[in-house]
Amino acid sequence: MPQATATAAEGARDSAGSAGAGRTAGPAGTGGAGAAQAQGSDFAPLLRAVKGQGLLERRTGWYAVGIAVDMVALGAVITGMFLLGNTWWTLLLALPLAVFWSRTAFVGHDAGHAQITGDRRAGRAIGLVHANLLLGMNEAWWNDKHVRHHANPNHIDKDPDVGVGALVWTQKQAAQREGFARWLTRNQARLFFPMLLLEGIALKISGFQYLRRQPARERALSALLLVAHLGLYATLLLTVLSPGKAVVFALIHHALFGLHLGMAFAPNHKGMEMPDPDGNRWGHLQRQVLTSRNVRGGILTDWFLGGLNYQIEHHLFPSMPRPHLRLAQPMVRAHCKALGMPYAETGLIESYRQALRHMHEVGEPLR
């Protein structure tokens, strides 16, 4: 069973549990008594309704067309690089290349969640090609990290996305910082977007570091594809550009790629509820809805954020194909309203403001 599908199955088990399972008082500011009644079992009617509409059925054809369009676009950008040749004007193509690399990353993300196909081998093959070969990002590392995030979003002890790293997410974490890390935490809100410029390179480094944790055969395949990516990428740049221009292109390209991915992922959970590690375990509905934030917008927003702007629906139904998330949203919103459970949705700029405000407040005691 793919990891992300296992997360969805866990939610279904929560929904079918006893009435007392997952029952807990809603945290402060999350809807009072109405939210307190939103137990894991309250997920079951929503799950039945979504299944009844066929929204969990695969859209393999839709993905096939999307992948083909992305590959044509990448090919067009690379062709443009060859046509422009060894000139500084070629650096302008780092932007569209970064954008379509992000499109590639979104497909790898969806493949890891078994959204594209129910065939596990085919899904992994898609993930390996899009992540390891095309991006130089280890899909095994990403899936391991991402499934733990989905199982317990914003849980300080279980979600790696809110663990202590370059940034911290609670004042308790901040209080333990020393030296340069303390200065970083004090200023993390204003440094957040500049730091995203390093994320494209950090993803590659993390992927190589994870190789040692993989089984031998899996490690060999992952390493082969990662090295092949580096070879193909270097060959492309050095064929078109002089070494100096190639280095500048690579730095700009990876900076823009990291920024785009960060802008897609940042609004999703930062500044949302964080479960009390010592409190009662929340049910699936409460665990996923209260910790997630949706971003309003139309087709352009959906495209730019890779469907992750429907973060609540994605977390409730990880294997739901991307084009179905928008269709599921009215059902999820109405279900939450009936239960008195808050459903967080805001504009894109406001989502960044809320995330940065949370990071600022975390560092406040150090200023």
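All values reported here derive from a predicted model rather than from experimental measurement.
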**Q** Is a side-chain donor or acceptor of Arg293 paired with a backbone partner of Pro267 at a separation under 3.5 angstrom?
**A**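 Confirmed, Arg293 side chain pairs with Pro267 backbone.
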**Q** Pairing donors with acceptors under 3.5 angstrom, does anything connect the side chains of Gln286 and Asp42?
**A**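 No pair is found: no donor N or O on one side chain lies under 3.5 Å from an acceptor on the other.
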**Q** Check whether the side chains of His315 and Gln311 place a donor and an acceptor atom closer than 3.5 Å, and report yes or no.
**A**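 The answer is yes; a qualifying pair exists.
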**Q** Quick one: are Trp282 and Glu273 in side-chain contact, heavy atoms under 4.5 Å?
**A**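 Trp282 reaches Glu273 side chain to side chain.
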**Q** Taking His113 for its side chain and Met320 for its backbone only, find out whether a donor-acceptor pair lies under 3.5 Å.
**A**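 Judged by distance alone, no pair lies under 3.5 Å.
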**Q** Could you check whether any side-chain N or O of Thr90 sits under 3.5 Å from a backbone N or O of Gly85, counting only pairs where one atom can act as donor and the other as acceptor?
**A**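 Yes, because the side chain of Thr90 sits within donor-acceptor range (under 3.5 Å) of the backbone of Gly85.
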**Q** CD1 of Ile252 to CG of Leu197: how many Å apart, nearest 0.5 Å?
**A**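 Going from the CD1 atom of Ile252 to the CG atom of Leu197 covers 11.0 Å.
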**Q** Quick one, Tyr352 and Met263 - any side-chain contact, counting heavy atoms below 4.5 Å?
**A**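 Yes, close enough: below the 4.5 Å cut-off.
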**Q** Okay, side chain of His269, backbone of Thr291: is any donor-acceptor separation there less than 3.5 Å?
**A**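 Yes: the side chain of His269 pairs with the backbone of Thr291.
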**Q** Are side-chain heavy atoms of Leu203 and Phe257 found at a separation under 4.5 Å?
**A**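 The answer is yes; the side chains approach within 4.5 Å.
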**Q** Would you say the side chain of Leu290 lies within less than 4.5 Å of the side chain of Asn154, judging by non-hydrogen atoms?
**A**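 In short, these two side chains do not touch, never coming nearer than 4.5 Å.
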**Q** Looking just at side-chain N and O atoms, do His360 and Arg367 make a donor-acceptor pair shorter than 3.5 Å?
**A**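 Short answer, yes.
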**Q** Kindly work out whether a path of hydrophobic side-chain contacts (I/L/V/M/F/W/Y, heavy atoms less than 4.5 Å apart) joins Phe208 to Tyr210.
**A**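 No; tracing contacts between hydrophobic side chains, which count when under 4.5 Å, never links both residues.
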**Q** Quick check for you: to the nearest 0.5 Å, what is the distance between His229 atom NE2 and Asn138 atom CG?
**A**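 Rounded to the nearest 0.5 Å, the NE2-CG separation comes out at 12.0 Å.
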**Q** Tell me whether Gln288 contacts the main-chain N or O of His284 through its side chain, where contact means a donor paired with an acceptor under 3.5 Å.
**A**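 No.
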**Q** Counting only heavy atoms not in Leu83, do more than 12 sit closer than 6.0 Å to its CG atom?
**A**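 Correct, the count exceeds 12.
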**Q** At their closest point, which heavy atom of Phe192 faces which heavy atom of Met359, and how far apart are they?
**A**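 Taking every non-hydrogen atom into account, CG-CE, 3.6 Å.
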**Q** Could you give me the CA-CA distance, side-chain angles and deciding distance for Leu237 and His253, then say whether side chain to side chain contact (heavy atoms under 4.5 Å, CB included) is met?
**A** CA-CA 11 Å; Leu237 295 189; His253 173 216; over 6 Å; no
**Q** Between Lys204 and Leu135 (side chain of the first, backbone of the second, donor and acceptor by atom type, cut-off under 3.5 Å), is there such a pair?
**A**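 Here the side-chain-to-backbone pair exists.
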**Q** Nearest 0.5 Å please: distance from the OG1 atom of Thr239 over to the CE atom of Met81.
**A**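 Nearest 0.5 Å value for the OG1-CE distance: 9.5 Å.
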**Q** Is there a path of hydrophobic side-chain contacts, each under 4.5 Å between heavy atoms of I, L, V, M, F, W or Y residues, that connects Leu198 with Leu251?
**A**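 The answer is no; the residues belong to distinct hydrophobic clusters.
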**Q** Any Lys/Arg nitrogen of Arg296 or Glu350 sitting under 4.0 Å from an Asp/Glu carboxylate oxygen of the other?
**A**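 Between Glu350 and Arg296 there is no salt bridge, as every charged N stays at least 4.0 Å from the carboxylate O atoms.
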**Q** Under 3.5 Å, side chain of Arg287 to main-chain N/O of Ala151, donor-acceptor pair present?
**A**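 Yes, the answer is positive, given that a donor and an acceptor are paired below the 3.5 Å cut-off.
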**Q** Looking at Lys145, His149, Arg148, His150, which hits side-chain hydrogen bond (donor to acceptor under 3.5 Å, both in side chains) with Asp159?
**A**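 When Lys145, His149, Arg148, His150 are each tested with Asp159, the side-chain hydrogen bond (donor to acceptor under 3.5 Å, both in side chains) holds only for His149.
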**Q** Would you say Thr170 and Val362 make side-chain contact, with heavy atoms under 4.5 Å?
**A**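 Not touching, per the 4.5 Å side-chain cut-off.
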**Q** Quick one: does Leu133's side chain get under 4.5 Å of Leu232's, heavy atoms only?
**A**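 SC-SC contact between Leu133 and Leu232 confirmed.
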**Q** Tell me which one of Arg322, Arg326, His324, Gln329 satisfies side-chain hydrogen bond (donor to acceptor under 3.5 Å, both in side chains) with Tyr310.
**A**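 Exactly one pass, corresponding to Arg326.
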**Q** From Thr60 OG1 over to Asp119 CG, what is the distance, rounded to the nearest 0.5 angstrom?
**A**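 Going from the OG1 atom of Thr60 to the CG atom of Asp119 covers 10.0 Å.
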**Q** Under 6.0 Å from the six-membered ring centre of Trp303 and within 45° of its axis: does the NZ or CZ of Arg103 meet both?
**A**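 Positive - Arg103 is close enough to the ring of Trp303 and near enough to its axis.
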**Q** So if you build clusters from Ile, Leu, Val, Met, Phe, Trp, Tyr with side-chain heavy-atom gaps below 4.5 Å, do Val72 and Leu93 land together?
**A**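 No, Val72 and Leu93 fall in different hydrophobic clusters.
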**Q** Verify side chain to side chain contact (heavy atoms under 4.5 Å, CB included) between Thr301 and Leu348, making sure each step is shown before the conclusion.
**A** CA-CA 8 Å; Thr301 303; Leu348 182 61; 5.6 Å; no
**Q** Please test Gln173 against Leu167 for side chain to side chain contact (heavy atoms under 4.5 Å, CB included), starting from the C-alpha separation and ending with a verdict.
**A** CA-CA 9 Å; Gln173 291 175 332; Leu167 305 174; over 6 Å; no
**Q** Which of parallel (below 30°), tilted (30 to 60°) and perpendicular (above 60°) describes Tyr233 and Trp101?
**A**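 If you compare the ring of Tyr233 with that of Trp101, the planes turn out tilted.
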**Q** Is Gln188 close to Arg177 at the side-chain level, that is, under 4.5 Å between some pair of heavy atoms?
**A**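 No, their side chains stay 4.5 Å or more apart.
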**Q** State whether the number of non-hydrogen atoms from other residues, nucleotides or ligands found under 6.0 Å of Glu57 atom CD is greater than 12.
**A**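 No, CD of Glu57 has 12 or fewer neighbouring heavy atoms, counting only those of other groups under 6.0 Å.
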**Q** Would a hydrophobic clustering, with Ile, Leu, Val, Met, Phe, Trp and Tyr connected at side-chain separations under 4.5 Å, put Leu230 with Val240?
**A**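 The answer is no; the residues belong to distinct hydrophobic clusters.
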**Q** So Arg190 and Leu356, side chain to side chain contact (heavy atoms under 4.5 Å, CB included) or not? Walk me through it.
**A** CA-CA 8 Å; Arg190 65 170 63 101; Leu356 292 175; over 6 Å; no
**Q** Once you measure the plane-to-plane angle for His260 and Phe304, does it fall in the parallel (<30°), tilted (30-60°) or perpendicular (>60°) bin?
**A**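 If you compare the ring of His260 with that of Phe304, the planes turn out parallel.
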**Q** Under 4.5 Å between side-chain heavy atoms, hopping through other hydrophobics if needed: is there a path connecting Leu366 to Leu191?
**A**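 As far as the 4.5 Å side-chain criterion goes, Leu191 and Leu366 are not connected within one cluster.
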**Q** Which heavy atom of Ala111 sits nearest to which heavy atom of Gly127, and what is that distance?
**A**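 Heavy-atom minimum between the residues: CB-N, 4.0 Å.
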**Q** Mind checking whether Phe43 and Phe317 have ring centres under 6.0 Å apart?
**A**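 When the ring centroids of Phe43 and Phe317 are compared, they turn out to be within the sub-6.0 Å range.
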**Q** Could you grab the distance from atom CG of Leu285 to atom CG of Leu46, nearest 0.5 Å is fine?
**A**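 With rounding to 0.5 Å, CG (Leu285) is 7.0 Å from CG (Leu46).
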**Q** Below 6.0 angstrom between ring centroids: does that apply to His130 and His109?
**A**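 No, too far apart.
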**Q** Could you check whether any side-chain heavy atom of Thr117 comes within less than 4.5 Å of a side-chain heavy atom of Tyr63, counting everything from C-beta outward?
**A**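 Result no, sub-4.5 Å side-chain heavy-atom pair not found.
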**Q** Output the distance between atom CG (Asp302) and atom CG (Leu325), rounded to the nearest 0.5 Å.
**A**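 Spacing of CG (Asp302) from CG (Leu325) equals 9.0 Å.
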